[in-house]
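The sequence lines fix the lettering, A, B, ..., with proteins before strands; numbering per chain opens at 1. What's counted below: heavy atoms across the whole structure, side chains too, no hydrogens, waters or symmetry copies.
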Amino acid sequence: MSDVLERARGLLGRVLHAHGTSIVITEVEAYGGTQDPASHAYTRTPRSEIMYGPPWRLYVYRSYGIHHCANVVTGPTEQAAAVLLRAGRVVAGLDVARDRRPGVPDHRLASGPGNLARAAGIDLDDLGTDLLGDGPVRLGDREAPGSVSAGPRVGVTREADRPWRFWITGDLTVSAYRRSPRAPSS
DNA sequence: AACATGATTCGCT
DNA sequence: GCGAATCATGTTG
């Protein structure tokens with residue numbers, strides 16, 4: 001189970017190539033699947049089915065009816081662990097990303113999970129994509145980040161205190177922490 | 001078939 | 001800092 005934490009940290013600094021953009025991942029959150037009450041995969045449903053399969057595939061879900069969020073399934077198979085991509089820095093395809101998010105300053109283009117998916121052009125059509133293949137969404141090289149910080153996950157009500165959110169210390173693109181109003185007071 | 005609930009964002013105070 | 005928007009998904013009757 002702690003495997004997903006290593007995978008989460010290992011995704012920081014890695015490049016995501018998606019639909020004409022390249023984004024360096026700067027902030028992630030780990031979800032422990034069947035072992036984690038906060039995970040969508042805690043209960044197996046049609047929506048979460050993809051996470052029970054092989055790792056390195058893309059799990060995309062709709063949030064609040066409007067936004068899309070992108071996750072990397074980390075496995076092992078049947079454990080359904082995944083890592084939510086929360087923020088990144090657009091390093092290529094800036095013009096494309098700007099078109100997708102008009103009026104937003106560059107360092108905010110992919111700040112926040114819904115915004116990252118938007119800037120990357122990721123939606124439900126990309127569900128299940130093999131991120132190690134050479135499709136329209138794939139993972140590329142990694143440049144090890146200098147310093148990594150950890151803290152509680154944003155917006156979750158259950159297990160709200162697990163420090164399973166990781167980000168590159170001091171990076172401008174990292175989104176703000178906000179505890180769920182429904183989470184029990186820490 | 002109806003109800004409750006978000007792994008969020010944006011705008012206003 | 002706070003609250004509304006908005007609808008697919010999961011849960012309950």
Side-chain angles (χ1 to χ4, degrees), chain A residues 1 3-5 7-9 11-12 16 18 23 25-52 55 57-75 79-88 90 97-129 131 137 149-167 172-186:
Chain A
M1 138 91 85
D3 219 35
V4 66
L5 301 184
R7 284 288 171 68
R9 287 174 173 275
L11 282 166
L12 291 176
L16 178 75
I23 301 174
I25 299 167
T26 58
E27 180 190 359
V28 295
E29 274 174 7
Y31 286 87
T34 58
Q35 316 294 306
D36 180 4
S39 172
H40 288 166
Y42 187 61
T43 54
R44 198 202 272 236
T45 67
R47 178 178 64 163
S48 60
E49 188 61 31
I50 183 74
M51 290 191 275
Y52 288 79
R57 298 215 292 211
L58 191 66
Y59 166 51
V60 182
Y61 68 92
R62 242 184 188 320
S63 182
Y64 289 81
I66 302 172
H67 316 286
H68 295 279
C69 298
N71 304 249
V72 178
V73 176
T74 61
Q79 186 170 303
V83 174
L84 170 67
L85 306 181
R86 287 200 57 91
V90 180
R98 288 183 189 126
D99 280 354
R100 290 180 179 140
R101 303 199 19 100
V104 176
D106 287 353
H107 69 284
R108 294 272 135 212
L109 285 173
S111 180
N115 294 333
L116 183 149
R118 184 76 134 94
I122 291 173
D123 61 20
L124 260 12
D125 289 345
D126 298 302
L127 180 64
T129 300
L131 295 171
V137 184
S149 300
R153 294 175 287 187
V154 174
V156 302
T157 62
R158 313 179 66 175
E159 297 297 336
D161 297 317
R162 284 191 192 180
W164 282 13
R165 171 177 176 244
F166 304 97
W167 65 94
L172 273 338
T173 64
V174 173
S175 63
Y177 174 64
R178 192 179 191 175
R179 169 176 271 259
S180 167
R182 306 192 165 180
S185 54
S186 75

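Separating the CZ atom of A:Arg44 from the P atom of C:dG10 is a distance of 13 Å, rounded to the nearest angstrom. What separates CD1 of A:Ile66 from C1' of B:dG11 is a distance of 13 Å, to the nearest Å. B:dT8 atom P lies 16 Å from atom CD1 of A:Ile122, rounded to whole Å. Across the protein-nucleic acid pair, A:Leu109 atom CG and B:dT9 atom C1' stand 15 Å apart, rounded to whole Å. Rounded to an integer number of Å, the gap from A:Arg101 CZ to B:dC10 P is 5 Å. Taking atom CZ of residue A:Arg62 and atom C1' of nucleotide C:dG10, one finds them 17 Å apart after rounding to whole Å. Between the NE2 atom of A:His68 and the P atom of C:dT9 there is a distance of 11 Å, rounded to whole Å. The separation between A:His67 atom NE2 and C:dC7 atom C1' is 11 Å, rounded to whole Å.
Considering CG of A:Asp106 and OG1 of A:Thr173, their distance stands at 12.0 Å, rounded to 0.5 Å.
For A:Ser63, the side-chain atoms get nearest to B:dT8 when compared with the rest of B:dG6, C:dG3, B:dT8. Residue A:Ser39 places its side chain closer to B:dA7 than to any other of B:dC10, B:dA7, B:dT5.
Closest-nucleotide positions on DNA chain B for A:Ser111 and A:Tyr64 were compared, and the one nearer the 5' end corresponds to A:Tyr64. The residue among A:Val104 and A:Gly65 whose nearest nucleotide of DNA chain B is located toward the 5' end is A:Gly65.
Under 3.5 Å, the side chains of A:Asn115 and A:Arg108 contain no donor-acceptor pair of N or O atoms.
Close to B:dG6, at under 4.0 Å from its OP1 or OP2, lies no side-chain N or O of A:Arg158. The side chain of A:Ser48 places no N or O atom within less than 4.0 Å of a non-bridging phosphate oxygen (OP1 or OP2) of C:dG10.
Counting non-hydrogen atoms of other residues, nucleotides and ligands closer than 6.0 Å to CZ of A:Arg118 gives a total of 12 or fewer.
For A:Tyr61 and B:dA7, the ring-to-base geometry does not satisfy the stacking test (centroid distance below 5.5 Å, interplanar angle below 30°).
One cannot find a donor-acceptor pair under 3.5 Å joining the base of B:dT8 and the side-chain atoms of A:Arg118.
Judged by Watson-Crick or G-U wobble contacts below 3.5 Å, the nucleotide C:dA5 has B:dT8 as its partner. Nucleotide C:dT12 forms a pair with B:dA1, judged by Watson-Crick or G-U wobble geometry with both contacts under 3.5 Å.
Nucleic acid contact class of A:Arg47 (heavy atoms, under 4.0 Å, all strands): sugar-phosphate only. Residue contacts shown for A:Arg182 are limited to sugar-phosphate atoms, with no base heavy atom under 4.0 Å away. A:Asn71 comes within 4.0 angstrom of a base, heavy atoms only.
Under the 4.5 Å side-chain criterion, counting only non-hydrogen atoms from C-beta, A:Arg153 is in contact with A:Asp36.
For A:Arg44 and A:Tyr52, the positive end sits near the middle of the six-membered ring, less than 6.0 Å away and at most 45° from its axis.
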